[in-house]
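Both backbone and side-chain heavy atoms feed into the values below; hydrogens, waters and symmetry mates do not. Note that the numbering runs from 1 along the sequence shown for the chain. Because the structure is predicted, anything quoted here is derived from the model rather than measured.
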Amino acid sequence: MIAIPAYIEQAAPVDWTQVQSQVTALQDAAADYGPALAKLRKYWDQQSLLALLQGRVFVDDATLNEAIARQVPADGSVQALTVASHVNGRLDITATTAKYGDIELSGTIDEFVHDGDTSYMVYHVRSKNIPQHGLMSWIFSRVSLGMAARFAGDLGIPEQVPVKIHRDTVRIDYSQVLAASDVGQAEFMGHRLVDMLEIKGATPQDGGIEFQTELHVPDEVRAALVRAVLAGL
């Protein structure tokens with residue numbers, strides 16, 4: 001005879017009807033959110049979504065430089081473009097060109113904003129050895145798009161990105177590029193991703209940039225996003 005432990009003998013009987021009900025609810029939720037999650041997964045992985053829900057997203061320089069590299073055409077005058085973030089708030093930018101060699105800029109990100117249809121970056125140049133404004137405009141347009149790509153995926157290589165330079169202040173408006181992109185059209189539970197996400201600022205730190213974010217969604221959508229995180233997206 002096999003002895004049955006007392007804790008098993010005294011355990012409450014399993015309510016299989018309740019278990020089946022829970023399983024059905026999970027299956028229904030997966031069916032409801034499945035297509036939306038498939039779109040969401042294209043832009044935000046589990047780690048990114050968790051950081052967005054917490055309001056702070058840290059992106060290391062290596063990841064930023066990979067995104068920026070995708071903005072640099074193979075046959076262009078700029079051969080390489082990289083950034084380096086520092087704990088004092090400085091963001092250094094280095095562009096390698098065939099004509100001028102290495103071009104270096106150093107400065108601070110005064111603003112990095114996305115709010116609805118408004119998306120722009122303001123960079124204050126502290127030092128530079130750049131030969132012309134036209135090249136500086138191109139460099140900053142690529143850097144800003146590379147930073148935005150962390151939230152929006154690959155934005156392609158647009159021909160025109162509005163850039164205004166006034167003395168040592170550079171303002172890059174990437175709102176039109178973002179609106180025309182895939183993420184600009186993507187929705188989750190009836191809400192556009194570009195409307196759900198607000199980016200309030202970006203602060204260079206040692207080895208990367210921390211973005212201050214906020215998600216503007218109804219409670220039921222936030223709950224669905226939390227479930228997506230818990231389920232591993």
Side-chain angles (χ1 to χ4, degrees), residues 57-61 63-73 76-152 154-181 184 194 197-213:
V57 179
F58 181 80
V59 185
D60 61 73
D61 286 343
T63 300
L64 286 171
N65 287 326
E66 287 178 6
I68 293 171
R70 291 194 290 271
Q71 293 291 327
V72 180
S77 59
V78 175
Q79 300 168 329
L81 184 60
T82 59
V83 299
S85 309
H86 302 284
V87 70
N88 63 357
R90 286 288 188 100
L91 181 69
D92 296 342
I93 303 171
T94 301
T96 301
T97 69
K99 186 175 181 179
Y100 302 108
D102 282 351
I103 295 171
E104 298 176 343
L105 303 100
S106 181
T108 55
I109 301 173
D110 289 357
E111 297 180 74
F112 191 91
V113 172
H114 168 69
D115 187 4
D117 295 328
T118 301
S119 308
Y120 66 90
M121 180 175 85
V122 176
Y123 183 93
H124 187 82
V125 180
R126 305 291 179 176
S127 63
K128 63 180 184 297
N129 70 339
I130 197 162
Q132 53 175 288
H133 271 193
L135 185 55
M136 187 158 75
S137 295
W138 186 91
I139 288 172
F140 278 107
S141 69
R142 301 304 119 178
V143 170
S144 64
L145 292 177
M147 291 170 62
R150 185 64 184 87
F151 304 94
D154 190 357
L155 295 174
I157 306 178
E159 293 183 4
Q160 296 291 333
V161 179
V163 178
K164 294 182 179 179
I165 301 175
H166 179 67
R167 296 182 179 176
D168 293 328
T169 300
V170 185
R171 189 182 191 278
I172 308 97
D173 186 339
Y174 63 94
S175 55
Q176 295 178 2
V177 175
L178 189 59
S181 67
V194 292
L197 172 65
E198 179 183 358
I199 304 176
K200 299 180 176 181
T203 306
Q205 299 181 354
D206 187 22
I209 298 177
E210 182 180 84
F211 296 85
Q212 293 78 52
T213 66

Q) So do V113 and I199 actually touch side chain to side chain, heavy atoms under 4.5 Å? A) no
(Q) With a 6.0 Å cut-off (strictly less than), is the heavy-atom count around CG of D117, excluding the residue itself, greater than 12? (A) no
(Q) Do T82 and I68 make a side-chain contact, defined as non-hydrogen atoms from C-beta onward lying under 4.5 Å apart? (A) no
Q.
Under a 3.5 Å threshold, yes or no: a donor from one side chain and an acceptor from the other, between D102 and T94?
A. no
(Q) Do L155 and S181 make a side-chain contact, defined as non-hydrogen atoms from C-beta onward lying under 4.5 Å apart? (A) yes
Q.
Which heavy atom of D206 sits nearest to which heavy atom of F58, and what is that distance?
A. O-CZ, 4.2 Å
Q. Can you find a heavy atom in the side chain of K200 that is under 4.5 Å from one in the side chain of T213?
A. no
Q | Other residues, nucleotides, ligands: >12 heavy atoms within 6.0 Å of E198 CD | A | yes
Q: I would like to know whether Y174 and Y120 meet ring pair (Phe, Tyr, Trp, His ring centres under 6.0 Å); could you show each step before the answer?
A: CA-CA 6 Å; Y174 63 94; Y120 66 90; 8.2 Å; no
Q.
Strictly distance-based, threshold 3.5 Å: is any side-chain N or O of H114 a donor or acceptor partner for the main-chain N or O of V194?
A. yes
Q) Taking it one step at a time, do I172 and V161 satisfy side-chain contact (heavy atoms from CB on, under 4.5 Å)? A) CA-CA 7 Å; I172 308 97; V161 179; 3.7 Å; yes
Q: Apply side-chain contact (heavy atoms from CB on, under 4.5 Å) to the pair I93 and Y123, showing each step before the final yes or no.
A: CA-CA 11 Å; I93 303 171; Y123 183 93; 4.2 Å; yes
Q) Would you say the side chain of I103 lies within less than 4.5 Å of the side chain of N129, judging by non-hydrogen atoms? A) yes
Q. Just how far is it from atom CE of M147 to atom CZ of R142, taken to the nearest 0.5 Å?
A. 15.0 Å
Q) Are S137 and I165 close enough, and set up right, to give a side-chain contact (heavy atoms from CB on, under 4.5 Å), and what steps lead you there? A) CA-CA 8 Å; S137 295; I165 301 175; 3.4 Å; yes
Q. Looking only at atom types and distance, does a side-chain atom of D61 sit under 3.5 Å from a main-chain N or O of S85, one as donor and one as acceptor?
A. yes
Q) Rounded to the nearest 0.5 Å, how far does OG of S141 lie from CE of M136? A) 12.0 Å
Q) Under 3.5 Å, is there a donor-acceptor pair between the side chain of E210 and the main chain of P204? A) no
(Q) What I'd like to find out is whether the side chain of P158 reaches to under 4.5 Å of the side chain of Q71, using heavy atoms alone. (A) yes
Q: State, with a plain yes or no, whether a side-chain heavy atom of L178 is found less than 4.5 Å away from one of S119.
A: yes
**Q.** Identified side chain to side chain contact (heavy atoms under 4.5 Å, CB included) counterpart of I209 within the set T203, L64, V57, V83
**A.** L64
Q. From L91 CG over to H124 NE2, what is the distance, rounded to the nearest 0.5 angstrom?
A. 14.0 Å
Q. Taking all non-hydrogen atoms of both residues, which atom of W138 and which atom of P73 are closest, and how far apart?
A. CZ2-CD, 3.8 Å
Q: Write down the atom of G89, the atom of T108, and the distance for their closest heavy-atom approach.
A: O-CG2, 3.8 Å
Q.
Applying ring-ring contact (aromatic ring centres under 6.0 Å, His included), can you list everything that pairs with F211, at least two apart in sequence or on another chain?
A. F112, F151
Q: Decide side-chain contact (heavy atoms from CB on, under 4.5 Å) for V177 and Q160; before the verdict, give the C-alpha distance in whole Å, the side-chain angles of both, and the deciding distance to 0.1 Å.
A: CA-CA 9 Å; V177 175; Q160 296 291 333; over 6 Å; no
Q: Would you check if there is a donor-acceptor pair between the side chains of D92 and H86 at a distance under 3.5 Å?
A: yes
Q: Taking the side chain as every heavy atom from C-beta outward, state whether V78 and T96 have any pair of such atoms under 4.5 Å apart.
A: no
Q: In plain terms, say whether K164 and D173 are close enough for a salt bridge, that is, a side-chain N and a carboxylate O under 4.0 Å apart.
A: no
(Q) Can you see whether S106 engages R90 through a side-chain donor-acceptor pair at a distance of less than 3.5 angstrom? (A) yes
Q) Looking just at side-chain N and O atoms, do D60 and T63 make a donor-acceptor pair shorter than 3.5 Å? A) yes
